[in-house]
Amino acid sequence: MTDTNRPPRLLLLDGHSLAYRAFFALPVENFSTATGQNTNAVYGFTSMLVNVLRDEQPTHVAVAFDVSRQTFRTEEYSEYKAKRNKTPGEFSSQLPLIERMLDSFSITYIKHPGYEADDIIATLVTQALADETSGLEVLILTGDRDSIQLVTDRSTVLYPMRGVSDLSRMTPAFVEDKYGVPPHRYPELAAIVGEQSDNLPGVPGVGAGFAAKWINTYDGLDNVIAQADKITGKKGEAFREHLGDVIRNRRLNALVRDLDLGIKVDDLVLTEWDRASALELLDELEFRGELRTRIMDVVAPNEDAPVEAGVELDGATLAPDTVGAWLDAVGAEQIGLSVRGTWGSGTGRVNGLALALADGRAAYVDVETLTPADDAAVAAWLADAARPKVLHDAKGPLLALAAQGWDLAGVVEDTALAAYLVAPDQRSYDLADLSLRYLHRELAQAGDDDQGMLFDEDANVARSAMVQARAALDLSAELAGEVEKAGGRNLLTEVEMPLVGILAGMEKTGIAVDIEHLEGLEAHFGEEVRGEAEAAYAVIGKEINLGSPKQLQVVLFDELGMPKTKRTKTGYTTDADALQGLFKQTEHPFLLHLLRHREVIRLRQTIEGLLKTVQPDGRIHTTFHQTIAATGRLSSTEPNLQNIPVRTEEGRRIRESFVVGSGYDSLLTADYSQIEMRIMAHLSEDELLIEAFRSGRDFHAETASRVFDVAPDEVTPEMRAKIKAMNYGLAYGLSAFGLSQQLGIDPGEASGLMKEYFETFGGIRDYLAGVVDEARRAGFTETIMGRRRYLPDLTSDNRMRREAAERMALNAPIQGSAADLIKVAMLRTDAALREAGLASRMLLQVHDELVFEVADGEREQLDALVRAQMAGAADLTVPLDVSVGTGRSWHEAAH
DNA sequence: AGCCTGACGTA
DNA sequence: CGTACGTCAGGCTA
């Protein structure tokens, strides 16, 4: 907890020297984003900064940077710092990122042409210490020893000892103890000894010990120089010989203390930081986990800064039998709702409900102590569509409430979905963040006594729930304009929000599992895992962990001397492709056992994972996430039912375990065929492609016949396979190299194939190029329904980043439009099921496929209904082809 | 314990 | 040097 009366403390950082240290301390290969931006220096610098902010609680902060290598020192002595390695580009590219990080923390950074960061720091220290009445303490965090001269009773240097975590606290006593001279004499000592890192040679053969002795004996370097002939021995001789160097060193290592920075210490007060832009940058840099949390915990708003009006919540836990009256008083006003409880795996419970209004009124309903009258009032209010409610992520609450026997209607805004449409790549509009901001303000306003209690006391469960309810309401207002601007209103109210109830239903229903069948498979594959492992050990004559790429590399490349495969960050890949390649070259039997071992252990793992998630009702209840995938797709977790094996025969046996539940007739699967290519045909308006789809014939064969200019019945399987790969790869931004890899043909042939393809389908070529151009211009891509994805990297100077963004720009409208389409299909199907009064139900969505459980006697009707609703989900220039199958299991229902 | 990496399953 | 996801085991660092 922060102390409002804490003493003023100025923290100064040498941005350049710290970042430079971090750059060499942290292995660059372990710190880079998916797009190739190195981040080790940003990471290390930020980590040091945040730790010091946390541990030292400064009130004022500034970061100084060097502008360039050219300073008055290099003018005076051209060799100054010349021995330093040429600054690597991997380092320089990170400096702007550090500046952006500081911007978002609202921390001032300062550069001054012709001078070094050290001089800026020295100037600020001098200013800060000049006013003796202010009581300002100074901390200097730097990796440059020149700053030791700035140490006084009121200013301390924090010097990183090794890596970026250990800081040595250099007080006057510490300096004197370590170097034998007081801080202000340190540069005199350094002048004699020299400074390797600045390429300032000192007196050969003279170390810190002798230098300190001379300085102390003669009272300062000036006197040592004046009485230089009194020093005897070889060292004295050397000193006299290198006197020029010493004098030059002393002149160069003196820090400039009177720069005109145009900034005062008072200007450096820490103010509230820009949370949204910080989060955005953390996302961009892919800083997750520990550092991210540390940043969020530490860089809190400062109480001295002007604070936005805190949330004024006038509310408490409602007394028995007063719930109805409270709700009546609210009437039809919009209300923020936060549900406390648990949900998932097909069940849930509610502990409490928090309600908040824009005018500050709030209430908490403790579900444990509800009277029957309260219960009825809550139930009626929740179910009343005319009482508008705002929630953040309504699906969980919906499930918890349903478990309690309560219906939820009148949800006018789900802020999690609104935020997703505004910023699908980010997690910036996080309700937890907004609530936390509010709680921090509450803490700042509350007395010191109850600060620590706010989070765990019972009353505070209610309090924080109400704050959260209010935060949802405020977030909704904050996002409203953004949603309009992003053109997402229609998607939000017509697609994403209505989908929530359907997903909740699917999760609650789950899918039945044949446990015995799964257990049989587990035993079967388990047997083979052991067999293959033994066979593999026998071949190489020892037992290793076959699941360890590290140990495998030793065996394959060192002991068996196989040719090196493609590089990974940590060595050479042992993935299935590479192992197959190695087998072709070496025919070593170990590889076959290893590959097979991988395959069966994976199958066994999948089965074990599934078995663990089967609930007491004999069904698996996945969780669908609606705000994860940047393109608009759903994702599925715990377990992921969108990646159940299907490609191999053995994999499909796992699909046999997903079966129709008791009381139902069968499973039905319905999927779109070539949905992405159809969308591409629609968006590109390529006549030939549209014609290919309208013909209703084998699409890949049809396109192959066009590309190779042969009659449809002369298309060979090879031709078809090549064009099929091309068709699928197009929407991903496939390169000639990638295509050649996949088809196992030479890059030249692949390149020729692509050229031929694009000449045949000119509309596709123009469309793909146009999509990227337009996205670069607008800053985002758009799907058929107007779902956006922002891609700022399209204008990046970094080729890797830019090209990665270009591939995303190619793919997002296509994958995203397909996502739009199947979401609409789900809504239409759900509505039609209800309209028709059918008991059949939707269970799963797998991107282009829906799985249903068919009620007795509804098979034909459901088949027709689903076909119609899926095919009619959009009106494209090409037909939407839907294939349907039914069977006892998911496998049998496939077609 | 928590995080990262490689490997691999799906559309 | 192909987009979008989630999960697992191994192994490193705290």
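The side chain of A:N811 lies closest to C:dA4, out of C:dG2, B:dT10, C:dA4.
Residue-level contact check: A:E638 touches the backbone only, with heavy atoms under 4.0 Å from sugar-phosphate atoms and none from bases. Across all strands shown, A:Q605 has heavy atoms under 4.0 Å from sugar-phosphate atoms exclusively, and none from any base.
Evaluation of atom-type donor-acceptor distances gives no pair under 3.5 Å for the side chain of A:R598 against the base of B:dA7. Looking at A:R602, its side chain comes within 3.5 Å of the base of B:dC8 through a donor and an acceptor atom. At a cut-off of 3.5 angstrom, counting only N and O atoms as typed in the model, there is no donor on one side facing an acceptor on the other between the side-chain of A:N640 and the base of C:dG6.
In this structure a side-chain-to-backbone donor-acceptor pair under 3.5 Å is present from A:N811 to A:A731. Side-chain N or O atoms of A:Q615 include one that pairs as donor or acceptor with a backbone N or O of A:T613 at under 3.5 Å. In this structure, the side chain of A:R619 does not engage the main chain of A:V614 through any donor-acceptor pair within 3.5 Å.
A:F761 and A:Y757 have tilted rings, their planes meeting at an angle from 30° to 60° on a 0 to 90° scale. Between A:H700 and A:Y728, the ring planes lie tilted relative to each other; the angle falls in the 30° to 60° range.
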Side chains of residues 746-756 of chain A: which donor-acceptor partners sit under 3.5 Å, not counting sequence neighbours?
from: A:D746; atom 1: OD1; to: A:G748; atom 2: N; distance (Å): 3.0
from: A:D746; atom 1: OD1; to: A:E749; atom 2: N; distance (Å): 3.0
from: A:E749; atom 1: OE2; to: A:K722; atom 2: NZ; distance (Å): 2.9

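Within residues 543-551 of chain A, the residues having any heavy atom closer than 4.0 Å to DNA chain C are, in order of number, A:N545, A:G547, A:S548, A:K550, A:Q551.
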